[in-house]
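Treat the numbers as computed from the prediction; the structure is a model and nothing was measured. Below, chains carry the letters A, B, ... as their sequence lines are ordered, and counting in each starts from 1.
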Amino acid sequence: MKAAVIVFPGSNCDRDVAVALEASMRAKPLMVWHRDTELPKVDLVVVPGGFSYGDYLRCGAMAAHSPIMREVKARADAGMRVLGICNGFQILTESGLLPGVLMRNKDLKFICKDVHLRVENDRTDFCRYYRSGDVVRFPIAHAEGNWFVEPKAYREMEDNGQIAFRYATLEGKVDPESNPNGSLGNVAGIYNEKFNVLGLMPHPERLAEDLLGGSDGRLMFDSLVEALS
Amino acid sequence: MSQITPDILASHGIKPDEYTRILEIMGREPNLTELGIFSVMWSEHCSYKSSKKWLKTLPTKADWVICGPGENAGIIDIGDGDAIVFKMESHNHPSFIEPYQGAATGVGGILRDVFTMGARPIANMNALRFGDPSHPKTRHLVAGVVAGIGGYGNCVGVPTVGGETNFHKSYNGNILVNAMTVGLARADNIFYSAAAGIGNPVVYFGSKTGRDGIHGATMASAEFDENSEEKRPTVQVGDPFTEKLLIEACLELMATDSIVAIQDMGAAGLTSSSFEMASKGGLGIEMDLDSVPMREEGMSAYEIMLSESQERMLMILKPGKEDVARAIMDKWELDFAVIGVLTGTGRMVLKRHGEVVADLPIDPLAQASPEYDRPWVQPAKLPVVKLEDVPAVAPIEALKTLLGCPDLASKRWIYQQYDHMVMGDTVQRPGGDAAVVRIHGSDKAVAITTDCTPRYCLADPHEGGRQAVAEAYRNISATGALPMAVTDNLNFGNPEKPEIMGQIVEAIKGMGEACRDLDFPVVSGNVSLYNETQGAAIQPTPAIGAVGLLKDVSKHTTIAFKGAGNSIVLFGETKGWMGASLYLREVCGREEGAPPPVALHRERRKGELVRDLIDQGLVKACHDVSDGGLLVAVTEMALASGIGASLEAPSAIALHGWCFGEDQGRYVLEVGADDLASVLEAAQGRDVGARIIGTTGGHSIDVAGQSATVEDLKAIHEAWMPAYMGAEMSGH
């Protein structure tokens, strides 16, 4: 598998995800600067977390209009895998690669902590090492993770299996108490219709090593390596 | 007619005797720009004029110290060519006036001090002190400061890994916001601020200069009065996005061998950075202020020189390196301008619109700033509170009171608003004794803590100074790390009052003793004086930030109990010291008595023993005993894990003294049955008092026939802060 990580001014999880990718790929991913107009030939593009362009205007809004994102969109339309984490998820919704919007958290505060997620669909390249119904632990760190989409679109997404992860209890119960940010249906991550694009607010790269407190996130990168190699 | 009136002098905070010296130095009357430059350079904030004499007495050297006080930050050698660069700095006055921006720019300023020296920042910490929770301003200040620290640190992508927060009425009118940054550099690629090379270009880069923050350093050197709110325009506005670009641009440029010297523009902005760089190099500078990138039109020389606009840097480039530097700044979309040249005159010559607007000798301003030997009085010793004179409250009942009191209640509400995991190396998150952050790509880690017990410092500044250092030493040791060096942030009231000056002198003496005895040198620091409002001073707060080294991060120990059926071992003597304790304050409503003394020679021995046992893998969990005493320490270990403990109190001491006394120099260890004999034997061999006080297991804390479930205690511990801050949301 070949992978690239896009670096915007203000990205700050680019190194973290590169470290996690390298551990699974046994090779370094390419780091692609936002002003580049050509994307190297890769199997996976990661749009990392951070504060691209300082979150000015709206989280992800300016990055969505950068030259490199035009290229990412074109490739994604042709089937390339794209993973957007946190600010990367916001950029993917802003650029129209994923449906819905990410609004301010319900209590209006930035929140950084581990959360439990229920895996909703394991039949994708991102989640083949998980099982639907599994509960995994990833950290969140965001102020705008409150995902929303129109009810009709939401029902269609559910029917298509486009919901990737939901915030849940340790036992896998999806309830209001386990929802950290007010997201519709406790949604933490979603796929596009073709399942080649995944966006999620939690950070799999932050718990991909036991020394840091857990390695549930590592399986996502292992899944991608297995699927795309 | 003289341009400089007594009113102008007063508004610049210049005392009559200082003005006499200014006239001597200048040989003529200064103009307003020149006077403004003197006022900021000689402000307490920039010159340390009241504390310098005493700061010089602190130990600053050790084999592993690469750079001690006097530069932007201190530097220690952690082996393999790696160096740790760190410092703590206050942003107290601005944070009280405008909490969000005050705290945010405090974080920005300390980050710049660290990356200016060639280090990538790897961790932030903060030590916060607020007024009484019932004071009408406190909730608003907590909310603003926490949001400001988070807003800045989260965006720059440096994890905020820990800190401490206290509440006391003495901070009602003067909160303390002390921010610390730890950075990682290569020992052979460190950057200093001394200018060199006549003819070399003086270069400005970063954000543009605006009219914000003019006279911030002067404000930070005065007491507050009822008109302090009017000083809001002197608080700067931060832009963490630009700071992030500045970090990346600086580190990229630093890899190109282009920089002679570099300095951030902190307090007193372009003035202090240019004077310090020139003074350290024994050179002069000629600057054309028309070249300074400006945010607004029509700025005067006075405004340009005194602006404290954020995210700006000044550097001296090697000849011919302008294009290399400009290309990197263009990539990161930062302003870049050659604004002057180094000269051999020893003078600062400033031009605006083609005319010389200031011409000042550099050394007398930068180095010959006033140094005062201010009169001071020895603080009175307070009587020792006898244990038998302190009422005994049932231990579980008192435990619940303490766990839910503002100083001990969980600070989760605060640290969950800080990204403490970004950069992927946070091994121990907030909530333990010290944060542990791995050195990226290696098996090493640093342990980081901030400590101070202001109520001890008020009761006895000398013992309080010793205790702050000793507690930092213990917190580092409890993770298994070797304590390496400290940074200090000395927060006090008005030094012109002999009793306040006495606090400063004695606290520094106490700190110095502890640092010397524990081989724990001071490598950087900051002083914040005049923390008084309408004559009432804060509790003396010499905050200590400390860094330790773990050579093998996999051996680090946390405070959480690891399993059932293990022995709980206490190192150190328990006599039931009640003076200045939290039990006395929170349970009995009394703030009195001498604080517990620290025995430094035993402190060191115990620390070494704890570290050795952790290194040998004999310790499952470790926690130092501090605020609230032994029962609180054991309960915190249970709360961190969900595993309970059953304790057996000795009969030789009154139960409340054993549970809640704040005797110093103690650690609680969880030890497995197989290792117990080795641990006790090692303690005996090193002459460290050790006693088995109980066993881990179950779901409750049991002591003297009383019991409470860990779940209930956790609920109490977690409840206070969200409930208190939640009242803000509902608009009360």
> Does NZ or CZ of Arg81(A) fall inside the cone over Phe126(A)'s six-membered ring, less than 6.0 Å from its centre and within 45° of the axis?
Replying inline: no

> Looking just at side-chain N and O atoms, do Ser178(A) and Asp175(A) make a donor-acceptor pair shorter than 3.5 Å?
Replying inline: yes

>> Quick one about Tyr191(A) and Thr124(A) (side-chain donor to acceptor, distance below 3.5 Å, no hydrogens or angles considered), yes or no?
In response: yes

> Who among Lys331(B), Gln416(B), Lys244(B), Glu243(B) has the most heavy-atom pairs with chain A under 4.5 Å?
Replying inline: Gln416(B)

> Who among Asp14(A), Asn12(A), Ile140(A) has the most heavy-atom pairs with chain B under 4.5 Å?
Replying inline: Asn12(A)

> Salt-bridged, Arg218(A) to Asp222(A), with N to O below 4.0 Å?
Replying inline: yes

> Measuring heavy-atom distances to chain A, does Val158(B) have an atom under 4.5 Å in its side chain, in its backbone, in both, or in neither?
Replying inline: neither

> Which answer fits Asp16(A), side chain, backbone, both or neither, if we ask what part of it has an atom under 4.5 Å from a heavy atom of chain B?
Replying inline: side chain

>> Run the side-chain hydrogen bond (donor to acceptor under 3.5 Å, both in side chains) test against Glu94(A) and tell me which residues pass, sequence neighbours left out.
In response: Arg58(A)

> So, Asp134(A) and Arg118(A), do they make that salt bridge, N to O below 4.0 Å?
Replying inline: no

> Which residues, numbered in order, of residues 199-216 of chain A come under 4.5 angstrom of chain B by heavy-atom distance?
Replying inline: Arg206(A), Leu207(A), Glu209(A), Leu211(A), Leu212(A)

> Glu333(B), Glu248(B), Gln428(B): which one forms the most heavy-atom pairs within less than 4.5 Å of chain A?
Replying inline: Glu333(B)

> Given Asn146(A) and Asn105(A), is the side-chain hydrogen bond (donor to acceptor under 3.5 Å, both in side chains) satisfied, shown in steps?
Replying inline: CA-CA 5 Å; Asn146(A) 182 355; Asn105(A) 294 348; over 6 Å; no

>> One thing to verify: whether Arg429(B) and Asp114(A) come together as a salt bridge, which I'm taking to mean a side-chain N less than 4.0 angstrom from a carboxylate O.
In response: yes

> Which residues, numbered in order, of residues 23-37 of chain A come under 4.5 angstrom of chain B by heavy-atom distance?
Replying inline: Trp33(A), His34(A), Arg35(A)

> Who pairs with Asp443(B) by side-chain hydrogen bond (donor to acceptor under 3.5 Å, both in side chains), at least two apart in sequence or on another chain?
Replying inline: none

>> For a quick check under 3.5 Å, do Trp413(B) and Glu718(B) share a side-chain donor-acceptor pair by atom type?
In response: no

>> When you compare the side chains of Arg15(A) and His440(B), does any donor N or O come within less than 3.5 Å of an acceptor on the partner?
In response: yes

> Should the pair Arg312(B)-Asp335(B) be classified as a salt bridge under the 4.0 Å nitrogen-to-oxygen rule?
Replying inline: no

